[in-house]
Amino acid sequence: MEIRHLNYFRTLAQELHFGRAAEKLFISQPPLSRQIRELETELGVLLFERNNKRVYLTEAGRYFLSESLALLQQLEKAKIKTKQIHDSVAGTFRLGYISSTPRSALAAVLKTVKEQYPFLRVNLYEAATRRQLAALENGTLDLGIVRAPVLSPQLERRRLLTETFCLAKPAKEKIPLTRLAVQSFVSFNKEYAPDYHQQFIHCCHQLGFEPQVIHECNNMPSILELVASGIGVALVPQSARRLFRFSGLDFVTLPQLSVTTETVLAFDPGNQQPALPAFMELLETAYRKFAGKRKER
């Protein structure tokens, strides 16, 4: 028995007409009839009942169809996986991300990667932008989700999301924007995330005050958790409204702010990791969906 016998049998079982099946297989009818007879002889069963009016499957034929379909599907899956291994879409992919990365976007990408590249292992690293850029430059990271700017001449970038800032405050407190100058602020550590910290200071200056920073943190969830606990207030990207749901936390839109923060993909164009283009495309798609849902709210 050869693969062509199964293909011929499957096509005839689907068409139940020798002429149409032969046409679909790009052969004439006599060779098709001969292949089916050979298959029936080898199996020692009658797969089809034939008369002048119709062709239909026997009980044995129906059973063999279900089994042969499973075999052909398994063979196709084996072919795809073999090709993936040959194309080197395997091994380990190292992806960095900042703490404000939408977990839903990451989950969607990882799910698709698992389906399309079952032999590829993905290692995730949450790290500040500066650490990610250094890792990308020395080759210990394949792709990074970071905040702009990316000033390294070795690296390229692709924009994922541009957004303005909003005020995060304890939900039960009424804080007029005119009183921000006397509020206690929680912010990123200026040495851990210097560019983001500078954007925060710039926002405050646009609003007409110098912030009183009493606590500095190394990730967005910690900042918002402190705000929700009543420790202070914070200026955060608009996406934080959807990403982090702490009880006792509220967000206020800030008018007339021209300062924006940009999330980008950073990568070394010389990186030969074969999965790199696929990851960038998947992440761009995931962020477009995230941005679209954010606008709907």
Side-chain angles (χ1 to χ4, degrees), residues 97-103 105 126-133 144-151 157-246 248-266 287 290-291 293-295 297:
Y97 64 97
I98 51 178
S99 63
S100 57
T101 300
R103 299 302 191 266
E126 182 180 317
T129 292
R130 179 172 288 186
R131 289 186 61 186
Q132 287 193 58
L133 297 181
I145 303 173
V146 302
R147 287 204 180 274
V150 177
L151 302 178
R157 47 169 277 179
R158 287 192 186 179
R159 186 179 70 85
L160 290 175
L161 181 67
T162 300
E163 54 189 328
T164 56
F165 288 85
C166 63
L167 176 70
K169 69 177 186 64
K172 295 182 179 180
E173 294 188 22
K174 292 184 179 181
I175 302 177
L177 298 183
T178 55
R179 298 284 295 168
L180 289 179
V182 297
Q183 300 300 316
S184 298
F185 275 83
V186 184
S187 177
F188 269 101
N189 183 288
K190 57 179 172 291
E191 294 183 1
Y192 182 83
D195 294 313
Y196 183 90
H197 182 81
Q198 189 58 43
Q199 288 174 317
F200 157 66
I201 298 296
H202 193 184
C203 280
C204 295
H205 288 173
Q206 278 201 3
L207 292 168
F209 70 93
E210 191 71 31
Q212 300 180 33
V213 179
I214 61 167
H215 287 291
E216 293 185 342
C217 302
N218 289 350
N219 61 73
M220 187 64 70
S222 295
I223 290 174
L224 294 177
E225 189 171 5
L226 288 176
V227 173
S229 299
I231 301 300
V233 298
L235 295 185
V236 297
Q238 289 281 356
S239 59
R241 293 174 181 264
R242 289 187 55 219
L243 294 178
F244 305 100
R245 304 295 177 89
F246 291 100
L249 186 65
D250 195 11
F251 296 92
V252 179
T253 299
L254 297 173
Q256 300 177 340
L257 269 185
S258 63
V259 182
T260 60
T261 179
E262 189 176 51
T263 304
V264 301
L265 288 175
Y287 264 83
F290 172 77
K293 290 178 180 178
R294 186 164 57 89
K295 291 177 181 178
R297 294 179 68 87

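Numbering starts at 1 and runs along the sequence shown. Predicted, not measured: the structure shown is a model, and the values here were computed from it.
Here the closest non-hydrogen pair linking Glu126 and Ile98 is CG-C, 4.4 Å. Of all heavy-atom pairs between Ala168 and Val227, the closest is O-CG1, 3.5 Å. Here the closest heavy-atom approach between residue Leu133 and residue Ala266 is recorded as CD2-CB, 3.9 Å. Shown here for Gln183 and Val233, the closest heavy-atom pair between the two residues is CB-CG2, 3.9 Å. For the pair Phe188 and His197, the tightest heavy-atom approach, listed with the atom from each and the gap, is O-ND1, 3.3 Å. Taking all atoms of both residues into account, the shortest heavy-atom contact from Pro170 to Gly230 is CG-CA, 3.9 Å.
Between Leu180 and Cys204, every side-chain heavy-atom pair lies at or beyond the 4.5 Å cut-off. The closest side-chain heavy-atom distance from Leu167 to Leu235 is below 4.5 Å. Side-chain contact between Thr253 and Thr164 is absent, with no heavy-atom pair separated by less than 4.5 Å. Ser187 places none of its side-chain heavy atoms less than 4.5 Å from the side chain of Ile223. Between Pro211 and Ile201 there is a side-chain heavy-atom pair separated by less than 4.5 Å. At least one side-chain heavy atom of Leu177 sits under 4.5 Å from a side-chain heavy atom of Pro255. A 4.5 Å side-chain heavy-atom check between Cys203 and Leu254 finds every atom pair outside the cut-off.
Atoms OG1 and CZ, from Thr261 and Arg147 in turn, are 3.5 Å apart once rounded to the nearest 0.5 Å. Distance check, rounded to the nearest 0.5 Å: CD of Gln198 to NZ of Lys190 gives 11.0 Å. Atoms CG and CZ, from Asp250 and Arg241 in turn, are 8.0 Å apart once rounded to the nearest 0.5 Å.
In this structure, Thr263 contributes its side chain and Leu160 its backbone to no donor-acceptor pair below 3.5 Å. For the pair Gln132 (side chain) and Ala127 (backbone), a donor-acceptor distance under 3.5 Å is present. Side-chain N or O atoms of Gln212 include one that pairs as donor or acceptor with a backbone N or O of Ala181 at under 3.5 Å. Of the possible donor and acceptor atoms, none in the side chain of Glu262 sits under 3.5 Å from a partner among the backbone N and O of Arg159. The closest donor-acceptor contact from the side chain of Glu163 to the backbone of Ser239 lies under 3.5 Å. Not one N or O on the side chain of Arg131 forms a donor-acceptor pair closer than 3.5 Å with the backbone of Thr129. At least one donor-acceptor pair under 3.5 Å links the side chain of Ser99 to the backbone N or O of Met220.
Remark: Arg103 CZ is packed, more than 12 non-hydrogen atoms of other residues, nucleotides or ligands lying under 6.0 Å away. Other residues, nucleotides and ligands contribute at most 12 non-hydrogen atoms within 6.0 Å of the CZ atom of Arg130.
Between Phe200 and Phe185, the two ring planes are tilted [angle within 30° to 60°]. The aromatic rings of Tyr287 and Phe290 sit perpendicular to each other, their planes meeting at more than 60°, with 30° as the lower class boundary.
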query = Going through the checks in order, is the side-chain contact (heavy atoms from CB on, under 4.5 Å) test met by Ile145 and Leu265?
reply = CA-CA 5 Å; Ile145 303 173; Leu265 288 175; 3.8 Å; yes
